[in-house]
Amino acid sequence: MAPQSRLLTIAFICIAGIAGLGAALLWRHAAAPVELATGTYVSPSRALPDFSLIDQRGQPFGAAKLRGSWSMMFFGYTNCPDFCPTTLTTLAALEKRLRAAAAPVRPQVVFMSVDAKRDTPEQLAKYVPYFDPEFIGLTAADQAAIEAVAAKLGVSVIITPKADGTYTVDHSGAIFVLNPEGKLTAILTGPFSVDALQADFQRIVAGHA
């Protein structure tokens, strides 16, 4: 990797980490009953504001569809150079491990795009299953709708034009963990590994029981 690319990667990771920390501070809590290695337990759990997005099949997707199972929700975009695919690969490895172990509780993974212009349902339908066929991809008809949902979770979205006419999108690197009632239960800010995510997820589920 060229020095300039390496510096850009480091800068992006720093921005994503700071944005994730900002989201965690927004949802700050009283003394948490569960200590996590990769983030913050939210106690009491918080209901999400309702939203209306579109999944990779072109179907409406709102907060109600996050109820009934545990969820791990991650913001990103399909043109993300490294941070997003790295996190999605780690989440896919976690899902594979939990399936192989026949784990009694397994989260659904929701990839929420922050790039409405490029991330159409058709684009997400090609991108998301590459990591795991069960992953859910979400987008919106316009950028304002996406940023409104992100803002409700304390996630800032910064679009930066490039000299070649394209653009990058800086966003939170956090993983939002939602319980089966669709309430925010933890904000994981990393660093992420399969072992750390599995251990924290198990602590979160046990703390919720």
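In this chain, numbering begins with 1 at the start of the sequence shown. In this text the structure is predicted, and so the values were computed from the model without any measurement.
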Side chain to side chain contact (heavy atoms under 4.5 Å, CB included) for Gln108 and Met72? Distances and angles first, verdict last.
CA-CA 6 Å; Gln108 65 177 358; Met72 286 187 169; over 6 Å; no

Run the side-chain hydrogen bond (donor to acceptor under 3.5 Å, both in side chains) test on Ser113 and Asp115 for me, step by step, so that the C-alpha distance in whole Å, both residues' side-chain angles and the decisive distance to 0.1 Å come before the verdict.
CA-CA 5 Å; Ser113 171; Asp115 185 2; 5.9 Å; no

Report the C-alpha separation of Phe74 and Thr87 in whole Å, then their side-chain angles, then the decisive distance to 0.1 Å, and conclude whether the side chain to side chain contact (heavy atoms under 4.5 Å, CB included) test is met.
CA-CA 9 Å; Phe74 172 67; Thr87 302; 3.7 Å; yes

Could you go through Phe75 and Leu153, starting from their C-alpha distance and side-chain angles, then the distance that decides it, and tell me whether this counts as side chain to side chain contact (heavy atoms under 4.5 Å, CB included)?
CA-CA 11 Å; Phe75 286 83; Leu153 283 167; 3.7 Å; yes

Evaluate the side chain to side chain contact (heavy atoms under 4.5 Å, CB included) criterion for residues Leu48 and Leu178: first the C-alpha distance (whole Å), next the side-chain angles of each, then the deciding distance (0.1 Å), finally the verdict.
CA-CA 9 Å; Leu48 292 186; Leu178 310 172; 3.8 Å; yes

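Considering CG of Asp200 and CG of Leu36, their distance stands at 4.5 Å, rounded to 0.5 Å. Distance CD1/Ile136 to OG/Ser71: 7.0 Å, rounded to 0.5 Å. Separation of atoms CD1 (Ile204) and CG (Leu197) is listed at 9.0 Å; rounding is to 0.5 Å. Going from atom CZ of Phe111 over to atom OG1 of Thr78 covers 6.5 Å, rounded to the nearest 0.5 Å. One finds the CG atom of Leu98 at 4.5 Å from the CG atom of Leu94 (value rounded to the nearest 0.5 Å). Atom CD1 of Ile175 and atom OG1 of Thr189 lie 9.5 Å apart (nearest 0.5 Å).
Pairing each heavy atom of Asn179 with each of Ser45, the nearest pair is ND2-OG, 3.6 Å. Taking both residues in full, the closest heavy atoms of Gly58 and Pro121 are given as N-CB, 4.1 Å, listed atom of the first, atom of the second, then distance. The two residues His171 and Cys84 make their nearest non-hydrogen contact at NE2-SG, 3.4 Å. Nearest approach of Val34 to Gly207, heavy atoms of both residues: CG2-CA, 3.8 Å. Between Thr38 and Pro191, the shortest heavy-atom contact is CG2-O, 3.5 Å. For the residue pair Pro49 and Ala63, the shortest heavy atom distance occurs at O-CB, 4.3 Å.
Pro85 pairs by the side chain to side chain contact (heavy atoms under 4.5 Å, CB included) definition with Cys80, Tyr127, Phe131, not counting sequence neighbours. Applying the salt bridge (Lys or Arg N to Asp or Glu O under 4.0 Å) rule to Arg99 yields the partners Asp132, Glu134; only residues at least two apart in sequence or on another chain are considered. When the side chain to side chain contact (heavy atoms under 4.5 Å, CB included) test is applied to Pro129, no partner is found at least two apart in sequence or on another chain. Applying the salt bridge (Lys or Arg N to Asp or Glu O under 4.0 Å) criterion to Glu122, with sequence neighbours excluded, gives no partner residue. A search for side chain to side chain contact (heavy atoms under 4.5 Å, CB included) contacts involving Lys65 returns Phe61, not counting sequence neighbours.
Side-chain contact between Val157 and Val169 is present, with heavy atoms from C-beta onward closer than 4.5 Å. Taking 4.5 Å as the limit, some side-chain heavy atom of Thr160 sits within range of a side-chain heavy atom of Thr168. No side-chain heavy atom of Val177 sits less than 4.5 Å from a side-chain heavy atom of Leu184. The side-chain heavy atoms of Val114 and Glu147, taken from C-beta on, include no pair separated by under 4.5 Å. The shortest distance between side-chain heavy atoms of Ile159 and Gln143 falls below 4.5 Å.
Of the N and O atoms on the side chains of Glu181 and His208, at least one donor lies less than 3.5 Å from an acceptor on the other residue. With hydrogens and angles left out, the side-chain atoms of Asp195 and Ser193 include no donor and acceptor closer than 3.5 Å. If you check the side chains of Thr139 and Asp119, you find no donor sitting under 3.5 Å from an acceptor. With 3.5 Å as the limit, one finds no donor-acceptor pair spanning the side chains of Arg118 and Gln123.
Cluster annotation: Ile54 and Leu66 are assigned to distinct hydrophobic clusters (Ile/Leu/Val/Met/Phe/Trp/Tyr, side-chain heavy-atom contacts under 4.5 Å, transitive).
Under the ring-ring contact (aromatic ring centres under 6.0 Å, His included) criterion, no residue pair touches residues 177-198, with sequence neighbours excluded.
Lys152 contributes a side-chain N or O that, together with a main-chain N or O of Asp50, makes up a donor-acceptor pair within less than 3.5 Å. Here the side chain of Thr90 pairs a donor or acceptor atom with the backbone of Thr86 at under 3.5 angstrom.
The residues Glu95 and Arg106 are annotated as salt-bridged, a charged nitrogen and a carboxylate oxygen being separated by less than 4.0 angstrom.
Around atom OH of Tyr167, more than 12 heavy atoms belonging to other residues, nucleotides or ligands sit under 6.0 Å away.
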